[in-house]
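Just so you know, ligand 1 is whichever comes first in the structure, and atom 1 is the first atom listed for that ligand. Note that the structure is predicted; figures quoted are calculated from it, not measured.
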Amino acid sequence: MTAKMAASIVEHGEDAFRKLFKFYKRRSSPPDFSEVINFSKPCSEKFLLYSKVFPCELNSSSLNEENVSKAGFIFISNPFLPGAQQFWVKQCLKIYPQKPNVCNLDMHMSSVETENIWEKSKDIIRRKGSVARQPKTLLEKLRWVTLGYHYDWNSKTYSSEKYTAFPEELHLLSHKVAAACGFSGFKAEAGILNYYKADSSLGIHVDESELDHTRPLLSFSFGQTAVFLLGGTKREDCPTAMFMQSGDLMVMSGASRLLYHAVPCIVPAPSGQALPPELALKLETEVQDDDIIQSVSDVDWEVCSCYLQTSRVNMTVRQVLASGQSFPSTQIAQTSEKSEEDTLKSKKRKNESGSACID
Ligand code: OGA
Ligand code: MN
């Protein structure tokens with residue numbers, strides 16, 4: 001069965017999004033990926049047939065008002081210079097899981113146990129490969145990290161009480177990307193980092209917990225390729241499937257800011273080439289001490305590349321408050337319900353607003 005057929009045959013109680021999500025999530029045998037858009041093959045492929053998609057060079061002249069308002073969802077195929085991805089991967093694996101940031105392991109482990117995740121894991125990860133079936137290291141058990149205003153998965157809110165300094169270099173990157181897409185003055189205030197294994201997925205959801213929806217949501221992907229589904233404002237709207245490869249950026253702005261989306265699967269890497277060759281490249285120029293991007297040592301990169309052989313890391317960066325806005329003094333906690341999990345057999349209509357948690 002093709003993806004198109006899958007989406008068109010909607011069973012009772014099901015919707016087009018869920019149908020396609022299940023189509024790509026199936027684990028028995030790899031699904032047919034032929035309907036998935038590959039933006040890194042510009043112009044050659046079927047995506048030009050989609051009237052909704054238009055290719056555009058990202059430079060100052062492309063940023064006229066017409067383009068900015070027309071483009072809601074912006075996909076930028078790996079804009080990173082050689083070597084730059086290594087820096088961000090190292091930040092995600094070695095630096096951002098450190099305190100005072102919050103991670104899934106903090107939910108059931110003491111702060112002493114979740115200290116030095118990188119140090120406690122690195123040698124085992126480097127030596128793996130040859131030794132199969134070892135207990136998982138802390139780094140391999142990492143599923144999410146929150147930055148800045150730490151997202152509360154239960155109340156689905158951010159609050160002024162749960163705030164730690166947002167990493168400056170990630171703010172600078174986000175500010176630059178947003179400005180390049182026509183959004184000047186973007187403030188990176190909250191980050192959710194998701195860590196995917198080969199069999200992970202991220203349920204169908206809308207990110208609406210931020211108080212200002214006029215600001216874009218930025219997404220950065222590294223490591224293994226994922227299928228990303230972008231739907232409409234209704235679950236019945238059939239989603240568009242696209243590959244997200246290492247280095248790819250997505251900007252959800254305008255009308256796309258509040259659309260349903262999900263990551264149904266990680267795409268099995270072709271054997272013998274688990275990582276794209278550009279990830280192996282080192283920075284081409286000498287770095288200065290005050291450069292944002294620093295080079296990654298060979299030993300650190302060895303750990304990162306071993307980890308990424310089977311994993312994907314995604315950073316989403318959000319501005320939570322409008323400029324000058326503050327949190328309402330009393331926050332009314334909404335009903336707490338996690339994102340859709342495919343295994344959840346609940347017949348009830350689930351509340352899928354708010355960020356989703358990796359399954
Ligand atoms: C999210 C999200 C998508 C991804 O964290 O809200 O939608 O590509 N992530 O992991
Ligand atoms: Mn999301």
Side-chain angles (χ1 to χ4, degrees), residues 17 21 24-25 36-37 39 72-78 85 88-89 92-93 96 101-104 142-153 156-158 170 174 177 188-210 213 215-233 235 239-253 255-267 308 311-320 337-341 350-359:
F17 203 128
F21 183 86
Y24 286 114
K25 188 178 161 138
V36 183
I37 299 176
F39 285 114
F73 178 79
I74 304 170
F75 191 105
I76 306 170
S77 281
N78 181 18
Q85 282 192 64
W88 294 107
V89 170
C92 290
L93 300 182
Y96 299 150
N101 300 331
V102 180
C103 72
N104 63 303
L142 197 62
R143 290 292 160 267
W144 54 262
V145 166
T146 54
L147 312 171
Y149 288 117
H150 297 281
Y151 188 66
D152 183 321
W153 300 94
K156 300 190 169 195
T157 57
Y158 302 97
L170 184 53
S174 306
V177 169
E189 293 175 326
I192 299 181
L193 277 47
N194 285 314
Y195 301 79
Y196 296 77
K197 300 170 292 157
D199 62 352
S200 302
S201 61
L202 182 75
I204 307 165
H205 68 282
V206 174
D207 292 285
E208 58 180 12
S209 301
E210 298 72 28
H213 296 149
R215 305 271 81 196
L217 187 149
L218 314 183
S219 158
F220 304 86
S221 293
F222 303 105
Q224 295 303 311
T225 299
V227 172
F228 182 79
L229 294 176
L230 180 67
T233 53
R235 288 279 300 252
T240 303
M242 59 198 86
F243 289 120
M244 272 217 276
Q245 293 168 327
S246 197
D248 288 349
L249 268 58
M250 279 178 2
V251 179
M252 294 177 81
S253 69
S256 78
R257 178 64 181 75
L258 294 172
L259 297 184
Y260 278 108
H261 57 280
V263 177
C265 69
I266 301 299
V267 181
L308 286 186
S311 310
R312 166 178 186 259
V313 183
N314 176 262
M315 314 192 279
T316 51
V317 179
R318 302 123 191 266
Q319 177 168 339
V320 176
E337 210 167 348
K338 287 257 164 79
S339 72
E340 167 151 344
E341 280 169 39
K350 287 190 283 295
N351 171 9
E352 282 132 1
S353 63
S355 287
C357 203
I358 275 200
D359 167 19

Engineer: What is the closest protein heavy atom to atom 1 (C) of ligand 1, and at what distance does it sit?
Structural biologist: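 That would be Arg318 NH2, 3.6 Å.
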
Engineer: Which is it for Arg257 and Asp207 under the side chain to side chain contact (heavy atoms under 4.5 Å, CB included) test, yes or no, and what are the steps along the way?
Structural biologist: CA-CA 8 Å; Arg257 178 64 181 75; Asp207 292 285; 4.0 Å; yes

Engineer: Among the heavy atoms of Met252, does any lie under 4.0 Å from an atom of ligand 1?
Structural biologist: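 Outside the 4.0 Å threshold, so no.
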
Engineer: In terms of ring plane angle, is the pair Phe73 and Phe75 parallel, tilted or perpendicular, where the classes change at 30° and 60°?
Structural biologist: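 Rings of Phe73 and Phe75: tilted, 30 to 60°.
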
Engineer: List ligand 1 atoms under 4.0 Å from Val263, heavy atoms only on the residue side.
Structural biologist: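 In order of number, 3 (C), 4 (C), 8 (O), 10 (O).
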
Engineer: Quick test: of every protein heavy atom, which one is nearest to atom 8 (O) of ligand 1, and how far off is it to 0.1 Å?
Structural biologist: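 Its nearest protein heavy-atom neighbour is Arg312 NH2, 2.7 Å.
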
Engineer: Contact between Asp199 and Ile266 at the side-chain level, heavy atoms closer than 4.5 Å - yes or no?
Structural biologist: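 No, side chains not in contact.
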
Engineer: Is the shortest heavy-atom distance from the side chain of Phe39 to the side chain of Gln245 under 4.5 Å?
Structural biologist: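 No. Closest side-chain heavy atoms not under 4.5 Å.
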
Engineer: Side chains of Ser246 and Asn78: is there a donor and an acceptor less than 3.5 Å apart?
Structural biologist: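 Their side chains do not contain a donor-acceptor pair, so the 3.5 Å distance test is not met.
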
Engineer: May I ask you to check if ligand 1 and His261 share an N or O to N or O distance below 3.5 Å?
Structural biologist: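 Yes, since at least one N or O of His261 sits under 3.5 Å from an N or O of ligand 1.
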
Engineer: Counting non-hydrogen protein atoms only, what is the nearest one to atom 10 (O) of ligand 1? Give residue, atom name and distance.
Structural biologist: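 Scanning the protein heavy atoms, the shortest distance from atom 10 (O) of ligand 1 goes to Tyr196 OH, 2.4 Å.
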
Engineer: Give the atoms of ligand 1, by number and element, whose distance to some non-hydrogen atom of Asp207 is under 4.0 Å.
Structural biologist: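 Every atom of ligand 1 under 4.0 Å from some heavy atom of Asp207: 6 (O).
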
Engineer: Under a 3.5 Å distance rule, please check whether His261 uses its side chain to pair with a backbone N or O of Phe228 as donor and acceptor.
Structural biologist: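 No: the side chain of His261 does not pair with the backbone of Phe228.
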
Engineer: If you define the side chain from C-beta out and look only at heavy atoms, does anything of Cys92 sit under 4.5 Å from Tyr195?
Structural biologist: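 Yes, their side chains come closer than 4.5 Å.
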
Engineer: Pull out every atom of ligand 1 sitting under 4.0 Å from any heavy atom of Met244, numbered as shown with elements.
Structural biologist: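 By the 4.0 Å cutoff, the relevant atoms are 8 (O).
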
Engineer: Pairs of nitrogen or oxygen atoms closer than 3.5 Å, one from Ser355 and one from ligand 1: do any exist?
Structural biologist: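 It does not: no N or O of Ser355 is found under 3.5 Å from an N or O of ligand 1.
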
Engineer: Check whether any side-chain heavy atom of Phe220 sits under 4.5 Å from a side-chain heavy atom of Val317, and report yes or no.
Structural biologist: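 Contact flag for Phe220/Val317 side chains = yes.
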
Engineer: Determine how many protein N/O/S atoms sit closer than 2.8 Å to the Mn ion (ligand 2), leaving waters out since they are not shown.
Structural biologist: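 My tally for this metal is 3.
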
Engineer: Please identify which atoms of ligand 1 are closer than 4.0 Å to at least one heavy atom of Asn314.
Structural biologist: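 Ligand 1 atoms under the 4.0 Å threshold to Asn314: 3 (C), 4 (C), 8 (O), 9 (N), 10 (O).
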
Engineer: Report yes or no: does a heavy atom of Met250 sit under 4.0 Å from some atom of ligand 1?
Structural biologist: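 So Met250 does not count as touching ligand 1.
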
Engineer: Specify the protein heavy atom at minimum distance from atom 2 (C) of ligand 1: its residue, its atom name, and the distance to 0.1 Å.
Structural biologist: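 Answer for atom 2 (C) of ligand 1: Leu202 CD2, 3.4 Å.
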
Engineer: Pick, from Leu229, Ile192, Asn194, the option with the minimum heavy-atom distance to atom 5 (O) of ligand 1.
Structural biologist: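 Selected option, by shortest heavy-atom distance: Asn194.
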
Engineer: Indicate whether the side chain of Ser209 and that of Arg318 have a donor and an acceptor atom separated by less than 3.5 Å.
Structural biologist: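 The criterion, which ignores hydrogens and geometry beyond distance, is not satisfied for Arg318 and Ser209.
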
Engineer: Trp144 and Ile358: side chain to side chain contact (heavy atoms under 4.5 Å, CB included), yes or no, with the steps?
Structural biologist: CA-CA 8 Å; Trp144 54 262; Ile358 275 200; 5.9 Å; no

Engineer: Quick check: do Thr146 and Asp152 have side-chain heavy atoms less than 4.5 Å from each other?
Structural biologist: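 A side-chain contact under 4.5 Å is absent here.
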
Engineer: Flag the pair Met252 / Leu258 as yes when at least one side-chain heavy-atom distance between them is below 4.5 Å, and no otherwise.
Structural biologist: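 Side chain of Met252 against side chain of Leu258, heavy atoms only: no contact under 4.5 Å found.
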
